[in-house]
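This report refers to the structure that appears directly beneath it.
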Amino acid sequence: MASLPAVHVTTDALSSLDVDVLIVPVFRGGIEGPGADTALSALGLADVPRDAGFRGKPGEVLHLAAPGQPWGQVTLVGLGRLDQLSDEMVRRAAGSAIRSVASHAATVATTLPLANVSLATIRAAAEGALLGAYRYDDARSEPRPLTITDISLVIPSSLAADADEAVRRAGVHAAAQCVARELVTAPPNLMGPVEVAERALDLAGDDVDVEVWDTDRLIEEGCGGLLAVARGSARPPRLVHLRYSPADPIASIALVGKGITFDTGGISLKRPSSIMESMKGDMGGAAAVLAVFTALAQLQVPIAVHGMLCLAENMPGADAQRPSDVITIRGGTTVEVLNTDAEGRLVLADGLALAEESEPDAIVDVATLTGAAMRAIGNRASAVFANDDDLLRQLLGAADDAGEAMWHLPMWEDLRDNLDSDVADLENLGRGDEAGATMGALFLREFVGRTPWAHLDIAGPFWQDEDRYHQPKHGTGVPVRTLLRWLEGAGR
Ligand code: BES
Ligand code: MN
Ligand code: ZN
């Protein structure tokens, strides 16, 4: 994977920073307003081009020459309005600024907005800067690596004592998120179930155990959901069980990830085919769960964590499952498969049943499950469903801290009947209703017992067509930082 630059903090005077680029965040109002002029005259740069049109809107950048200064260039970046300043706006500005210089500068320093600088702000700036300095670069014959190597955050000396640890944690979160981005963006011929399982095996070590089940083992263990979905593909399925076991854990949780390495829909083929290319990222849930395991030990997470990656490719091959087949999930529940494109819930059913068997205190599944979630709340937010208010509150809080939008959707009891099948215990679709994301959640709930459980539908935010702030286009790595914030917060 492409390596990320190093981030450090400094309390040195700006005039002593010998860097290629100095980044200066500016509030809305821009050069005409209260932001840039003050910032720039403090830097000895009076000569601002008034016609540049820079307004300080979020993510807007303006590159200025800096003659006679130690920095090769000054880059102004918009922060948006002062009265709307938040850590997320700082994260976004840092990401936009770094993204705009990352392929021509090596060393960069950035100041922070004068108002409201806290350790959380420093952490957000470091996260945004690192996340903006990522680009998928593994599939070119001639790599085009970014040039950026060092990022200095100029901080007030009052915060210096704890800033290193805040920046270290930011680095762990950002690196983990980039692992998920890379898995999502990697082409599906190079990243099938076997390859994802190999990436998980790479994590095995002192703190993490990894067990991989192949087809024969899945048959023995009765994982009929994974086996049914994989039948149409020449590539075999895999179930990966990761275990992180700190000394004296205060609790245990399980994370379950949908890992469809490509989703054609199967015999219920997706139409039009142009919507198919982003389906290489239909393993975004499994990618996020795998990525979390790269970070747990470094964050000294005090709880035991199980991870289940449900990996299969959904293809319409000669042996593919047919609409109206009945399959048996781990644990014995039978499902009539009315639409082979509702495959995520079939592999997750096995994964949730297995997660229950390790008797965790909570289960969270992560899945690119339904286009309906995206149509309901847009493609920038994850939908969250939960059977437990406390778990729901914790996850919404963690998402807020991470700056990853998340919205609670209902599991209407009234709609449960729609999952009743004419021939089996359940059908996989939930006929006759428009609440597609809710039907997916209600189906998954059937495989969870009394354990507090939440389902994150990331069908919207797992992918992005355009560069945006700290998110370069394509795989986003959502919701890795939310999950890490949640787990990090558990012991406090
Ligand atoms: N992977 C898709 C959902 C999806 C769609 C994710 C768009 C990201 C972007 C999932 O397997 C699927 O096909 N869902 C169907 C469910 C339906 C057949 C009940 C859908 O959303 O249309
Ligand atoms: Mn599908
Ligand atoms: Zn899918």
Side-chain angles (χ1 to χ4, degrees), residues 180 184-185 188 192-193 196 225-226 228-233 237 256-288 309-316 320-325 335-351 365-383 385 409 415 418-419 421 426-444 455-465 474-476 478-479:
V184 167
T185 305
V196 178
L226 274 157
V229 171
R231 278 176 57 165
S233 170
V256 183
K258 170 178 173 180
I260 300 299
T261 60
F262 196 76
D263 182 13
T264 64
I267 295 298
S268 315
L269 197 63
K270 282 190 184 297
R271 282 161 297 177
S273 57
S274 57
I275 63 171
M276 242 190 241
E277 73 193 67
S278 76
M279 286 300 112
K280 68 178 180 180
D282 207 19
M283 30 66 82
L309 315 183
C310 307
L311 302 163
E313 187 179 55
N314 191 22
M315 299 284 278
Q321 60 176 339
R322 293 148 291 256
S324 78
D325 277 1
V335 177
E336 184 187 12
V337 180
L338 288 179
N339 187 321
T340 64
D341 199 10
E343 84 297 339
R345 61 198 73 181
L346 303 179
V347 301
L348 287 169
D350 283 337
D365 77 71
V366 189
T368 48
L369 203 71
T370 65
M374 184 165 41
R375 286 189 291 279
I377 60 172
N379 63 4
R380 290 175 188 178
S382 303
F385 300 82
L409 291 182
L415 299 183
N418 291 358
L419 292 173
S421 159
L426 295 171
E427 62 160 72
N428 75 331
L429 207 50
R431 278 175 282 196
D433 226 291
E434 298 299 323
T438 288
M439 292 318 299
L442 285 170
F443 182 90
L444 296 177
H455 158 57
L456 307 182
D457 193 332
I458 58 166
F462 83 105
W463 185 262
Q464 205 167 265
D465 283 328
H474 298 165
T476 60
V478 168

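As the structure lists them, so they are numbered: ligands from 1, and atoms in each ligand from 1.
- Scanning the protein for heavy atoms near atom 16 (C) of ligand 1, the closest one is Arg345 NH2, 4.0 Å.
- The closest protein non-hydrogen atom to atom 20 (C) of ligand 1 is Gly371 N, 3.9 Å.
- When distances to the Mn ion (ligand 2) are checked against a cut-off of 2.8 Å, Asp282 contributes no N, O or S atom below that limit.
- Side-chain contact between Asp465 and Asn379: absent, with no pair of heavy atoms (C-beta onward) separated by less than 4.5 Å.
- Among the atoms of Lys258, an N, O or S atom falls under 2.8 Å from the Zn ion (ligand 3).
- Side-chain atoms of Ser382 do not come within 3.5 Å of backbone N or O of Ile458 as any donor-acceptor pair.
- Among all protein heavy atoms, the one lying closest to atom 2 (C) of ligand 1 is Asp263 OD2, 3.6 Å.
- Taking every heavy atom of Ala459 and a limit of under 4.0 angstrom, the matching atoms of ligand 1 come to 6 (C), 8 (C), 9 (C).
- Under a 4.0 angstrom heavy-atom cut-off, Phe462 registers as being in contact with ligand 1.
- Going from atom CZ of Arg231 over to atom CG of Leu226 covers 14.0 Å, rounded to the nearest 0.5 Å.
- Heavy-atom proximity to Thr368, at under 4.0 Å, picks out these atoms of ligand 1: 1 (N), 2 (C), 3 (C), 6 (C).
- For atom 9 (C) of ligand 1, the closest heavy atom belonging to the protein is Met279 CE, 3.4 Å.
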Q: List the steps, then state whether side-chain contact (heavy atoms from CB on, under 4.5 Å) holds for Leu346 with Phe443.
A: CA-CA 9 Å; Leu346 303 179; Phe443 182 90; 4.2 Å; yes
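- At a heavy-atom cutoff of 4.0 Å, ligand 1 is contacted by no atom of Ile275, backbone or side chain.
- Between Asp282 and Lys258 there is a salt bridge, with a side-chain nitrogen of the basic residue lying less than 4.0 Å from a carboxylate oxygen of the acidic one.
- Checked by atom type and distance alone, the side chain of Thr261 never pairs as donor or acceptor with a backbone atom of Pro188 at under 3.5 Å.
- The nearest N, O or S atom of Asp341 is not closer to the Zn ion (ligand 3) than 2.8 Å.
- Each of Leu444, Leu429, Leu419 was scored for a side-chain contact (heavy atoms from CB on, under 4.5 Å) with Met439, with one residue passing: Leu419.
- Considering backbone and side-chain atoms alike, Glu343 places an N or O below 3.5 Å from some N or O of ligand 1.
- At a heavy-atom cutoff of 4.0 Å, ligand 1 is contacted by no atom of Met439, backbone or side chain.
- Of all heavy-atom pairs between Ala459 and Met374, the closest is O-SD, 3.9 Å.
- Listed for the Asp325 side chain is a donor-acceptor partner under 3.5 Å among the backbone atoms of Arg322.
- Contact annotation: for Lys258 versus ligand 1, heavy atoms closer than 4.0 Å belong to the side chain alone.
- Of the heavy atoms in Asp341, both backbone and side-chain atoms come closer than 4.0 Å to ligand 1.
- At the top of the distance list for atom 19 (C) of ligand 1, counting protein heavy atoms only, stands Leu429 CD1, 3.3 Å.
- Put simply, the side chain of Thr264 gets close to the backbone of Asn314: a donor and an acceptor are under 3.5 Å apart.
- Residue Asn339 has no N or O atom closer than 3.5 Å to an N or O atom of ligand 1.
- With respect to atom 10 (C) of ligand 1, the closest heavy atom belonging to the protein is Leu369 O, 3.3 Å.
- The OE1 atom of Glu343, the Mn ion (ligand 2) and the OD2 atom of Asp263 define an angle of 100° (nearest 10 degrees).
- Between Pro479 and Ala288, the shortest heavy-atom distance links the atoms CD-CB, 3.9 Å.
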